[in-house]
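Scope of the values below: all heavy atoms of this structure, side chains included, with no hydrogens, waters or symmetry mates. Residue numbers start from 1 in every chain, and the chains themselves are labelled A, B, ... in the order their sequence lines are given, proteins ahead of strands. Keep in mind that this is a model prediction, so the values were computed, not measured.
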Amino acid sequence: MPAINLSCDQQFSLDQTLGCGQVFRWDRAENGWWSGVVGSHVIRIRQNGQKLVFEGASVPFITRYFSLDTDLQPIVASFNRDPFIDAAIRRCDGLRIIRQPGWECLISYICSTNSNIPMIRRRIGTIAEQFGREIFFRGKVYHTFPEPSAIACSGVTPLETCKLGYRTPYVLKTACAIGDPEQWEKTIASMPFEPARRELMKLSGVGPKAADCILLFAFQKYESFPVDVWIRRIMQQHYILTLKADAAKTSREYDLIRKFAREYFGEFCGYAQEYLYAARME
DNA sequence: ATCCAGGAAAACG
DNA sequence: CGTTTTCATGGA
């Protein structure tokens, strides 16, 4: 079975990284194992201290997917500038932002709106079961995430079995608009942050929050700072004390929060966001 | 029953 | 233009 030995200064926590809510298609299995579908791979992976053991993908694939090729220490140090985020960093030690396939990430965050993580996971899983290709692995059946054309050609009726609610037409329209996902990903990846953000927001069902998540989790735009209800609460309580606890959520306020975060935490504020989110008290 | 969840679009004034 | 209402789903 292939393995990666992490060097001692290469912090990485598989549990934090897969469990923090950035990605929706991994499941915890027995004895610390995780299993998930990434592209056409079914991957089984487990961490034992500084050793990663896995099957279903190559060493370079795993290294790239989990961002093991980036030096986490200076990134974290760059935004660790107060006791509150320091506590979040220590609580979630080794959390890395992964490199998700863009098209799947796009649909995932369209399905995430006004919802919670278990529901999002169910929706993405059902879309894969309905429209994806079967993969057999260790005696079980898994499903790839479908191409845009597989969804776009299906019409509304099969999509309705996925229980997306009012998001059904958003997913359908966006699937029709994307065309070739590889070409689309290249286009977005080549653009600077703000233009890429505006481009994503042209898609049906993609507003500021979804666009920011997609840019952070699929395109390594670390200056992105997604503001959901949890992050808004944390920012209001710990960083922007002038925000009102029960104020209506407006686009102006969203911009205020993300621009504050970009200045306060710096160019890796998206990483700061993920530590704050993962360490949130429930 | 009412409120909430990794919000966005449409309607409104 | 900024602000309010509506949208579908399931768990607490």
Side-chain angles (χ1 to χ4, degrees), chain A residues 16-26 88 92 95-98 100 102 104-127 129-130 156-177 197-219 221-237 239 243-258 261 265 269-282:
Chain A
Q16 291 290 350
T17 299
L18 291 180
C20 71
Q22 63 179 315
V23 64
F24 305 103
R25 295 207 69 206
W26 286 89
C92 304
L95 189 162
R96 283 172 188 258
I97 292 177
I98 64 174
Q100 296 187 37
E104 177 176 340
C105 188
L106 167 63
I107 295 302
S108 298
Y109 281 92
I110 289 176
C111 291
S112 78
T113 65
N114 200 22
S115 190
N116 52 42
I117 290 175
M119 287 303 304
I120 303 164
R121 293 173 55 84
R122 182 186 304 183
R123 290 184 191 127
I124 303 305
T126 309
I127 290 174
E129 281 176 24
Q130 289 288 316
V156 182
T157 312
L159 252 190
E160 278 170 348
T161 64
C162 300
K163 299 288 186 185
L164 308 182
Y166 60 85
R167 306 159 192 85
T168 301
Y170 301 161
V171 169
L172 194 62
K173 283 184 200 167
T174 294
C176 293
R197 188 174 190 267
R198 286 193 291 274
E199 196 61 29
L200 285 179
M201 286 172 62
K202 292 178 184 170
L203 296 167
S204 179
V206 181
K209 160 65 170 56
D212 286 336
C213 284
I214 296 158
L215 290 169
L216 183 59
F217 301 135
F219 293 97
K221 307 286 190 192
Y222 298 125
E223 68 267 50
S224 173
F225 192 86
V227 181
D228 65 12
V229 294
W230 296 100
I231 291 296
R232 185 193 183 279
R233 195 170 303 152
I234 290 167
M235 295 303 287
Q236 180 257 319
Q237 288 174 349
Y239 292 99
L243 283 185
K244 298 201 164 129
D246 54 355
K249 290 175 265 181
T250 66
S251 60
R252 271 213 319 242
E253 186 201 74
Y254 191 104
D255 272 354
L256 177 90
I257 296 173
R258 76 181 178 99
F265 292 119
C269 58
Y271 247 104
Q273 187 271 6
E274 203 50 20
Y275 278 88
L276 292 174
Y277 181 80
R280 72 196 181 280
M281 307 285 185
E282 305 215 28

Worksheet item: More 5' along DNA chain B: Asp228(A) or Met201(A), using each one's nearest nucleotide?
Response: Asp228(A)
Practice prompt. Assign Phe217(A) to base, sugar-phosphate, or nothing according to its heavy-atom contacts below 4.0 angstrom with the strands shown.
Written response: base
Worksheet item: dA9(B), dT4(C), dA5(B): which one has an atom nearest the side-chain heavy atoms of Ala248(A)?
Response: dT4(C)
Worksheet item: What does Leu203(A) touch in the nucleic acid at a heavy-atom separation under 4.0 angstrom: a base, only the sugar-phosphate, or nothing?
Response: sugar-phosphate
Item to complete: Consider the side chain of Asn116(A), meaning its heavy atoms from C-beta on, and name the nucleotide among dA5(B), dA8(B), dG2(C) that approaches it most closely.
Response: dA5(B)
Item to complete: Pick base, sugar-phosphate or nothing for Gly21(A), based on heavy-atom distances below 4.0 Å to the nucleic acid.
Response: base
Worksheet item: So which one's nearest nucleotide on DNA chain B is more toward 5', Ile231(A) or Lys173(A)?
Response: Ile231(A)
Fill in: Interface with DNA chain C, restricted to residues 118-127 of chain A and to heavy atoms under 4.0 Å
Met119(A), Arg122(A)
Worksheet item: Heavy atoms under 4.0 Å, any strand shown: does Ser112(A) hit a base, just sugar-phosphate, or nothing?
Response: sugar-phosphate
Discussion item. Heavy atoms only, 4.0 Å cut-off, all strands: where does Glu274(A) land among base, sugar-phosphate and nothing?
Written reply: base
Fill in: Distance in angstrom units between Tyr254(A) OH and dA8(B) P, rounded
7 Å
Worksheet item: Please give, in whole Å, the distance from dA8(B) P to Leu172(A) CG?
Response: 19 Å
Worksheet item: Rounded to the nearest 0.5 Å, what separation is found between the CZ atom of Arg233(A) and the CG atom of Leu276(A)?
Response: 13.5 Å
Worksheet item: Considering the options Arg123(A), Arg122(A), Arg167(A), which one meets the side-chain hydrogen bond (donor to acceptor under 3.5 Å, both in side chains) requirement together with Ser115(A)?
Response: Arg123(A)
Item to complete: Round to a whole Å and report the spacing from CG of Asp246(A) to P of dT4(C).
Response: 13 Å
Response to the item:
The nucleotide from dT9(C), dA5(B), dG7(B) with an atom nearest the side chain of Trp230(A) is dA5(B)
Worksheet item: Between atom CG in Asn114(A) and atom P in dG10(C), what is the gap in whole Å?
Response: 14 Å
Item to complete: Measure the spacing between SG of Cys20(A) and CD1 of Ile97(A) and express it to the nearest 0.5 Å.
Response: 8.0 Å
Fill in: C1' atoms of dA8(B) and dG11(C), separation to the nearest Å
22 Å
Practice prompt. Name the nucleic acid region contacted by Tyr277(A), choosing base, sugar-phosphate or nothing; use a 4.0 angstrom heavy-atom cut-off, strictly under.
Written response: base
Item to complete: Mind checking the CD-CZ spacing from Gln22(A) to Arg96(A)? Nearest 0.5 Å is all I need.
Response: 11.5 Å
Worksheet, complete the sentence: To the nearest angstrom, the CZ-P distance between Arg252(A) and dA8(B) comes to 18 Å
Discussion item. If I take atom CG in residue Asp212(A) and atom C1' in nucleotide dG7(B), what distance separates them, rounded to the nearest angstrom?
Written reply: 12 Å
Item to complete: Please check the phosphate of dA5(B) (OP1 and OP2 only) for any side-chain N or O of Arg233(A) closer than 4.0 Å.
Response: yes
Worksheet item: Between Phe265(A) and Tyr239(A), is the gap from one ring center to the other below 6.0 Å?
Response: yes
Worksheet item: Ile110(A) has an atom CD1; how far is it from atom C1' of dA9(B), in whole Å?
Response: 13 Å
Worksheet item: When all nucleic acid strands are considered with a 4.0 Å heavy-atom cut-off, which category describes Val206(A): base, sugar-phosphate, or nothing?
Response: sugar-phosphate
Discussion item. Without decimals, in angstroms, what is the distance between Leu164(A) CG and dA8(C) P?
Written reply: 13 Å
Fill in: Value rounded to 0.5 Å, distance of CH2 in Trp26(A) from CG in Leu18(A)
5.5 Å
Worksheet item: Say you pick atom C1' in dG10(C) and the same atom in dA9(B); how far apart are they, in whole Å?
Response: 22 Å
Item to complete: For the side chain of Val229(A), starting at C-beta, report the closest nucleotide among dT3(C), dA5(B), dA9(B).
Response: dA5(B)
Practice prompt. Could you please spell out the steps behind the side chain to side chain contact (heavy atoms under 4.5 Å, CB included) verdict for Ile110(A) and Leu203(A)?
Written response: CA-CA 10 Å; Ile110(A) 289 176; Leu203(A) 296 167; 5.6 Å; no
Response to the item:
Distance col, row Arg258(A):CZ vs Arg197(A):CZ, nearest 0.5 angstrom, shows 3.5 Å
Practice prompt. Go through dA8(B), dG7(B), dG10(C) for me and flag the one nearest to the Tyr166(A) side chain.
Written response: dG7(B)
Practice prompt. Looking at every strand, decide which applies to Thr168(A) at a 4.0 Å heavy-atom threshold: base, sugar-phosphate, or nothing.
Written response: nothing
Fill in: Interatomic spacing from CD in Glu104(A) to CZ in Phe217(A) - rounded to 0.5 Å
13.5 Å
